[in-house]
There are 2 protein chains.
Amino acid sequence: MSDPLSKRRLKMWIRLLGVTRAAESHLREFLRVQHDTTLPRFDVLAALYRRREGVTMSELSRMLLVSNGNATTVVDRLENDGLVRRTPSETDRRTVFVALTAEGLRQFEVLATQHEAEVGRLFANLSEADLDVLTDILKRMGPR
Amino acid sequence: MSDPLSKRRLKMWIRLLGVTRAAESHLREFLRVQHDTTLPRFDVLAALYRRREGVTMSELSRMLLVSNGNATTVVDRLENDGLVRRTPSETDRRTVFVALTAEGLRQFEVLATQHEAEVGRLFANLSEADLDVLTDILKRMGPR
DNA sequence: CCAAACAATTTCAAGTTTAAAATTTTCCGG
DNA sequence: CCGGAAAATTTTAAACTTGAAATTGTTTGG
């Protein structure tokens with residue numbers, strides 16, 4: 001027989017996945033329709049905004065929990081669009097730093113405001129108390 | 001300035017996304033290494049297991065929150081591997097029913113047991129009380 | 001009846017994602 | 001110094017995903 005607690009954990013996981021996917025879909029649609037961009041692009045810009053001084057490709061893919069190859073192609077496109085710049089490291093010729101361009105920064109700041117508002121709407125029925133509890137639990141669920 | 005509550009909701013969302021993506025990565029790896037399969041395939045099998053009598057393609061993509069086109073290609077592959085069967089509807093020639101084959105059922109039952117155990121391990125440090133609270137909140141976050 | 005709206009599915013093009021292999025460069029023990 | 005292990009990144013092949021268009025079939029208002 002299967003442990004009833006593990007069955008409850010499974011049900012919770014399925015529900016968690018459902019909620020997250022639904023919210024992701026909504027935000028993807030929001031970015032596409034309102035801002036003609038995509039979630040992966042937004043994620044990269046957000047990561048580079050948090051680390052204004054620039055990050056290496058490896059750091060970037062670790063931050064976003066995506067593969068190196070994936071980070072490469074998204075950055076390729078953003079670079080072509082002039083939102084992001086690659087700068088070879090002076091000291092280690094293997095590494096490349098990626099950072100927002102002025103245009104990338106400008107665009108992201110617009111995007112971020114709207115995105116925050118949309119997330120606010122999406123989770124409007126979570127009270128301050130809910131957020132406290134939820135945040136505490138999520139912290140404990142994080143990668144140990 | 002931006003509403004501090006919406007900022008908290010944003011932080012919560014980022015954390016939620018991180019936890020979910022990390023767990024998804026872990027399970028993807030688990031399915032690949034231990035069972036030589038993928039998450040989307042598993043998701044389709046799981047949906048068909050829950051609805052043993054079969055579902056239409058549209059129902060399937062609604063259940064999984066993926067596009068119709070996506071459901072088509074994953075089902076294509078599973079059909080080629082003999083895990084899933086398509087049966088045209090008698091009454092409406094537009095619709096197709098998808099269901100597990102005997103082999104699909106057999107394979108999924110093995111998979112499901114292992115998967116549940118893995119999810120149990122992943123969230124081992126969530127207590128019964130955590131699950132109560134979390135489930136309640138997730139219900140209220142759902143698409144209402 | 002019948003044209004038009006609607007519905008279910010597949011096809012398509014473009015982009016995303018992954019894991020593995022390949023490439024280039026650095027580091028290190030002997 | 002040198003040969004191999006390790007590191008950072010890119011490339012590659014295959015799978016996944018999406019939204020839109022195309023296809024095929026059903027329904028319905030006039």
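These numbers come from the heavy atoms of this one structure, side chains and all, not from hydrogens, waters or symmetry mates.
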Counting any heavy atom closer than 4.0 Å, what does [X] reach on the DNA or RNA strands: base, sugar-phosphate only, or nothing?
X     : result
A:R86 : sugar-phosphate
A:S58 : sugar-phosphate
A:T95 : sugar-phosphate
A:D92 : sugar-phosphate

Chain A reaches DNA chain D, atoms under 4.0 Å from its heavy atoms, from D:dA7 to D:dA20
A:R62: salt bridge (Lys or Arg N to Asp or Glu O under 4.0 Å) partners, not counting sequence neighbours: none
Distance in angstrom units between [X] [atom1] and [N] [atom2], rounded:
X     : N      : atom1 : atom2 : value
A:N80 : C:dG15 : CG    : P     : 11 Å
A:L65 : C:dT18 : CG    : C1'   : 14 Å
B:R77 : C:dT11 : CZ    : P     : 13 Å

Residue whose nearest DNA chain C nucleotide is more 5′ - B:E29 or A:T91: B:E29
5′-ward residue of the pair A:D76/A:R28 relative to DNA chain D: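 This one resolves to A:D76.
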Walking DNA chain D from its 5' end, the first of B:R94 and A:V96 to be reached, judged by nearest nucleotide, is A:V96
Under a 4.0 Å threshold between the charged nitrogen and the carboxylate oxygen, would [Y] count as salt-bridged to [X]?
X      : Y     : result
A:E79  : A:R77 : no
B:D132 : A:R8  : yes
B:E24  : B:R21 : no

Does anything in residues 31-57 of chain A come within less than 4.0 Å of DNA chain D? Heavy atoms only, and list the residues if so.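 A:R32, A:T56, A:M57, in order of number.
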Does C:dT10 have OP1 or OP2 sitting under 4.0 Å from an N or O in the side chain of B:T72?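 So the side-chain polar atoms of B:T72 do come within 4.0 Å of the phosphate oxygens OP1 or OP2 of C:dT10, strictly under.
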Between A:N70 and C:dT18, is there a contact of a side-chain N or O with OP1 or OP2 at under 4.0 Å? yes
Would you say A:S127 and A:D130 are linked by a side-chain donor-acceptor pair, where the criterion is simply a distance under 3.5 Å? yes
Any donor-acceptor pair under 3.5 Å linking the side-chain atoms of B:E118 with those of B:Q114?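 No pair is found: no donor N or O on one side chain lies under 3.5 Å from an acceptor on the other.
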Does the gap between the ring centers of B:F30 and B:H35 come in under 6.0 Å? yes
Polar side-chain atom of A:R9 near backbone of B:A124 as donor-acceptor pair, under 3.5 Å: yes
Please tell me if the side chains of B:K139 and A:R15 come closer than 4.5 Å, counting only heavy atoms from C-beta onward. yes
